[in-house]
Amino acid sequence: MSGSAPESRDEADWFVEPVRSIARPWRDELVRRLAAVDALDREERETVLEAGHTALLRSLHAKLSRLFLIELHALRLTAGGGPVAQVATGAGADTQTWAVFIERACEEDYLDRLADRYPCAGRRIASVARSSVAATAGLAERVAADRALLRPLLGTPAGKLRAVTFGEGDTHRGGLTVSRIEFSGGSVMYKPRPSGTDVALGALLDELFADFPDAPPEHERIRVPRTLAREGYGWAEFVRHRYCADDAELAAFYRNIGHWLAVLRFTGGTDMHAENMIAAGPVPVIVDAETLFDAPAPFPPDGRGDAVDVAAAAIRRTVLRTGLLPVRGTGFALGGVDISGVGALPGQQPLIPNPVIADGGTAAARFQVDLVAMPGAGNHPSPAPVLSTYWDRVLAGFREMTAYLRGPGIVPHRLLRRFEGTHARRILRPTQAYVDIGRMLWHPASLHDEAAAVERARDILRRNAEVLPGAPTDRATIDGEVADLLAGDVPMFDFVVDAAAVGTTVEDWRTADLPLEEAVIQDALVGAYLNERSLPPRVQAAADAPHARDRERRRRALATLMVRRLCDGAVRGRDGTVTWISPVFTPAGWSIRVLPADLYTGQGGVALTLAEYLTEAKAGRADEVPGVAETFEGALRVLVATEDRTPTPSPGAFSGAASQVWTWLALHRVLGEDRLLERAAGRALLLAEGRLVEDDVEVDLLNGAAGGIVPLLHLAEATGQDRWLDAASRIGHRLIGLATVDASGARWTTRLNPEGIGGFAHGATGIGWALARLSLSDAGSAADRRGWAGLAERAFAYQESLYRPEHGNWLDVRIGAEEDFFTSWCHGSTGIGIGMLDLHRRAGDPAHLDMARRAARASAAEGFGWSHTLCHGDLGLWEFLASLDFGDPADRDGKILSGLEQRGPVGGLAREAFSPSLMSGLSGVLHTLLRMRPEAALPDPLLLD
């Protein structure tokens with residue numbers, strides 16, 4: 001290996017020889033322990049030995065790699081001469097120093113020589129190794145004692161032990177871990193903890209389906225693995241993953257997901273993520289049912305208003321807590337990752353950081369973080385699941401099982417009494433938090449000063465509890481958590497299910513808001529999609545026989561209906577505050593939550609739309625509707641509090657600080673109140689003085705720094721203050737520095753599209769448009785403005801390089817895009833046309849008008865009949881064609897009005913799911929209906945106008 005070229009790979013084997021040397025005494029100990037298990041023959045004992053020893057080597061390697069790397073560099077830096085002193089550079093990397101280090105690290109007394117630097121290392125290693133040996137020996141003893149009892153799980157005598165695979169999950173309580181045991185007669189799973197909940201849940205399902213109407217065949221209904229419960233541990237059937245054979249099996253699978261959602265809501269189930277569910281053809285099998293009877297901890301008021309607290313509490317009670325429905329992570333390691341049982345879709349996951357050893361085998365070896373794809377699990381029923389096709393089956397399954405559970409003859413207490421006396425697990429902290437703290441506790445600095453590291457771990461856990469109600473706060477429990485982490489285990493909390501737990505769960509289920517539960521299911525499924533990379537299916541094709549007769553009466557009637565729906569869907573607090581629960585688009589993807597402050601799917605866009613309705617009603621162009629004013633005032637209070645009390649995630653014009661600036665400017669234009677302009681200036685400080693722009697990695701218009709330019713220009717015009725022009729200039733200079741310019745033009749790397757893409761919301765056209773607008777302002781010097789204008793034209797040249805005359809449209813080059821040509825505002829011809837038309841009207845360049853007209857032809861050819869959204873549907877198309885005066889106005893209006901009358905508002909991937917948002921939901925519908933009236937002078941969010 002010393003002669004091989006430097007490389008990066010997983011950290012699991014570079015230091016395997018030193019680790020093997022350290023573990024040698026513990027291998028000998030395991031040999032002695034296994035020799036006493038007479039019921040295993042020599043070959044079987046050898047099988048267990050090798051599996052247990054390999055698991056220990058991997059555990060120690062992960063914990064000690066950083067120590068070895070530091071000591072490697074200490075050797076290189078302190079050696080007086082010869083090959084050890086060489087410095088590794090590029091192809092001539094020093095492999096001899098590596099070889100010398102590995103030789104020294106393999107010496108028997110190596111750790112003893114390091115005791116001054118790492119006084120606790122030997123003791124900590126011994127603790128991990130002792131637990132590992134005990135866990136392995138204990139498994140061997142249980143295999144020997146129970147082998148004859150496993151026949152019901154295997155369908156045949158177990159026979160000879162062939163293989164053991166440790167580490168199927170986290171280790172707990174002394175190195176214990178779920179493991180797979182392979183016999184000549186088949187495989188079983190070993191669970192080193194009480195298995196009564198699995199047995200009880202299996203019995204509950206048997207009883208439920210005995211009289212369930214239209215029940216699936218027994219081999220096609222939901223189930224748990226057959227389980228043999230022993231004293232303190234258990235054996236479970238090994239469930240093999242199998243893809244569904246056809247569409248009928250896929251439909252059955254998703255109906256079964258709905259059944260699981262209903263049953264888990266009934267039993268208070270949680271944490272049923274991707275690794276806890278196996279797709280066995282049409283049957284989703286829950287393979288780890290220990291997290292039942294969950295009681296969500298009450299959260300303290302967060303200061304944004306009672307409506308927010310009520311909404312957040314409502315979400316925590318719903319089926320969202322089961323873990324089956326898509327939820328995106330928000331932490332550093334798993335930011336944007338969906339690990340849900342039904343989600344975690346291929347191609348819809350962000351890359352995640354993974355520590356690797358770079359330049360292993362040389363003196364330049366070091367840790368670095370690479371971005372890698374999330375590993376797959378066995379939860380998918382097909383290689384490329386199209387979840388959106390089967391959403392209706394999920395909802396139907398939930399409805400029918402819930403109706404049965406609430407039907408005559410069902411006594412919830414009697415059904416759940418069978419769980420009394422079983423051990424259930426409670427998830428009090430995210431596992432990732434424990435993983436991160438555990439890694440810190442094994443860092444060389446922590447091994448050098450364990451006391452300081454332990455105190456830091458305590459402090460992190462205490463602070464974690466401040467934002468995670470229900471997490472332990474007392475010193476004794478936290479010290480227990482730290483002790484587990486020092487030994488390499490993930491802390492685990494369990495409790496015995498009693499009559500009180502059953503009663504609490506039944507009451508929680510009985511008082512559930514079923515319409516909200518169903519809305520959450522429908523909304524949450526949107527969260528499986530990181531981005532809408534395919535066209536949402538036409539719901540029923542275009543409107544049937546659309547017409548424009550009696551347009552004004554129909555427009556007003558629909559606007560009245562939409563504003564009532566918006567108000568009726570609100571969550572209201574006792575203090576008069578108002579908010580909504582909805583799928584929310586963030587830089588990390590879609591997630592169901594209380595609305596954030598932004599313009600795209602947030603509180604800002606909804607509040608603006610309500611203000612527009614009030615203004616139009618006052619002007620006589622819309623009907624007076626009781627309650628709209630109170631809803632607006634309550635929503636505005638929540639918007640202010642949300643901006644003031646929650647971090648702003650990005651500088652973007654639709655998701656971040658710039659969206660807040662533009663929203664308040666738009667409210668000022670609609671309502672004319674000076675306080676609203678002052679509020680816009682206050683939010684603009686985030687762009688002018690904070691690090692949002694400098695730290696931005698998104699760049700684009702929607703989420704990134706480019707989105708700040710036009711709102712800042714508007715603010716400068718409204719206030720007459722040059723400071724906002726200066727802030728816009730800084731963004732322009734940053735965009736110049738980040739641009740990739742080549743023969744095709746200019747484009748920008750983004751997190752999701754590292755090669756750069758075209759389009760308005762996320763790509764080169766939108767960024768170029770912002771730069772062109774900057775060049776037409778008074779910002780910067782004349783040379784600056786020429787530079788911005790030139791780069792903008794290079795961005796448009798890149799967009800033009802994607803034009804395909806034979807298709808009359810621009811190619812969409814997003815990674816994972818399922819379509820080649822889009823016509824939406826966000827990624828397609830509508831957005832390109834809107835931006836180019838705006839620039840033509842401001843500067844008169846005929847090339848821009850030509851692009852706008854080609855975009856109109858492409859968009860009009862695709863036509864109406866998609867979703868009723870501004871971002872990616874009919875409303876954005878209507879706005880573009882109306883602004884260009886392309887085609888017959890009556891025809892355009894008639895298709896929108898008839899579509900809304902015939903189908904109701906339909907929102908992209910969310911379909912009929914309620915979404916109050918401006919860019920992808922009901923507020924966008926209402927906004928467009930108001931703008932249909934020619935006299936309405938309302939802001940245009942698509943152009944930030």
Salt bridge (Lys or Arg N to Asp or Glu O under 4.0 Å) partners for Arg42, two or more places apart: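 Checked Arg42 against salt bridge (Lys or Arg N to Asp or Glu O under 4.0 Å); zero matches.
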Mind checking what makes salt bridge (Lys or Arg N to Asp or Glu O under 4.0 Å) contact with Glu290, not counting sequence neighbours?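 Only Arg193, Arg425 meet the salt bridge (Lys or Arg N to Asp or Glu O under 4.0 Å) criterion with Glu290.
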Counting neighbours of NE2 on His448 that are heavy atoms of other residues, nucleotides or ligands and sit closer than 6.0 Å, is the number greater than 12?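 No, NE2 of His448 has 12 or fewer neighbouring heavy atoms, counting only those of other groups under 6.0 Å.
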Counting only heavy atoms from other residues, nucleotides and ligands, does the tally under 6.0 Å from CD of Glu43 exceed 12?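 Not more than 12 within 6.0 Å, no.
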For Tyr110, does the six-membered ring have the charged nitrogen or CZ of Arg104 within the cation-pi criterion, i.e. under 6.0 angstrom from the centroid and within 45° of the normal?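 No.
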Measure from NZ or CZ of Arg130 to the centre of the six-membered ring of Trp26, then state whether that distance is under 6.0 Å and the direction lies within 45° of the axis.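 Arg130 over Trp26 ring: no.
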Do the side chain of [X] and the main chain of [Y] share a donor and acceptor less than 3.5 angstrom apart?
{"X": "Thr362", "Y": "Asp359", "answer": "yes"}
{"X": "Asn276", "Y": "Asp271", "answer": "yes"}
{"X": "Ser21", "Y": "Cys106", "answer": "yes"}
{"X": "Arg173", "Y": "Pro491", "answer": "no"}
{"X": "His273", "Y": "Ser340", "answer": "no"}
{"X": "Arg747", "Y": "Glu755", "answer": "yes"}

Less than 4.0 Å between a side-chain N and a carboxylate O, is that true for [Y] and [X]?
{"X": "Asp479", "Y": "Arg458", "answer": "yes"}
{"X": "Arg117", "Y": "Glu71", "answer": "yes"}
{"X": "Asp459", "Y": "Arg456", "answer": "no"}

Beyond-backbone contact of Leu692 with Ser650, side-chain heavy atoms, under 4.5 angstrom: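 No - every pair of side-chain heavy atoms lies 4.5 Å or more apart.
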Going by atom types alone, do [X] and [Y] pair a side-chain donor with an acceptor below 3.5 Å?
{"X": "Asp94", "Y": "Thr97", "result": "yes"}
{"X": "Thr171", "Y": "Asp489", "result": "yes"}
{"X": "Tyr118", "Y": "Glu450", "result": "no"}

State the [atom1]-[atom2] distance between [X] and [Y], to the nearest 0.5 angstrom.
{"X": "Asp494", "Y": "His172", "atom1": "CG", "atom2": "NE2", "result": "10.5 Å"}
{"X": "Leu687", "Y": "Ile731", "atom1": "CG", "atom2": "CD1", "result": "5.5 Å"}
{"X": "Lys63", "Y": "Leu67", "atom1": "NZ", "atom2": "CG", "result": "13.5 Å"}
{"X": "Glu698", "Y": "Ser655", "atom1": "CD", "atom2": "OG", "result": "7.5 Å"}

Taking it one step at a time, do Glu50 and Arg27 satisfy salt bridge (Lys or Arg N to Asp or Glu O under 4.0 Å)? CA-CA 9 Å; Glu50 292 305 321; Arg27 178 187 175 92; 2.5 Å; yes
Sequence-distant partners of Phe68, ring-ring contact (aromatic ring centres under 6.0 Å, His included), two or more places apart: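 Expected list: Phe15.
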Who pairs with His241 by ring-ring contact (aromatic ring centres under 6.0 Å, His included), at least two apart in sequence or on another chain?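 Partners of His241 under the ring-ring contact (aromatic ring centres under 6.0 Å, His included) test: Tyr243.
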With sequence neighbours excluded, what pairs up with Glu103 under the side chain to side chain contact (heavy atoms under 4.5 Å, CB included) test?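 Not a single residue meets the side chain to side chain contact (heavy atoms under 4.5 Å, CB included) criterion with Glu103.
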Sequence-distant partners of Arg20, side chain to side chain contact (heavy atoms under 4.5 Å, CB included), two or more places apart: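 Listed in chain order: Val16, Glu17, His53, Leu57.
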Taking it one step at a time, do Glu108 and Arg24 satisfy salt bridge (Lys or Arg N to Asp or Glu O under 4.0 Å)? CA-CA 10 Å; Glu108 188 172 339; Arg24 188 172 296 115; over 6 Å; no
Taking all atoms of both residues into account, what is the closest heavy-atom pair of Leu447 and Ala121, and its distance?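 Where Leu447 meets Ala121 most closely, the heavy atoms are CD2-CA, 4.4 Å.
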Contact summary for Ile181 and Tyr190, nearest pair of heavy atoms: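 Smallest interatomic distance, heavy atoms only, reads CG1-CB, 4.1 Å.
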Begin with the C-alpha distance, continue with both residues' side-chain angles, and end with the deciding distance and a verdict on salt bridge (Lys or Arg N to Asp or Glu O under 4.0 Å) for Glu481 and Arg429. CA-CA 11 Å; Glu481 292 176 286; Arg429 299 189 200 269; 2.7 Å; yes
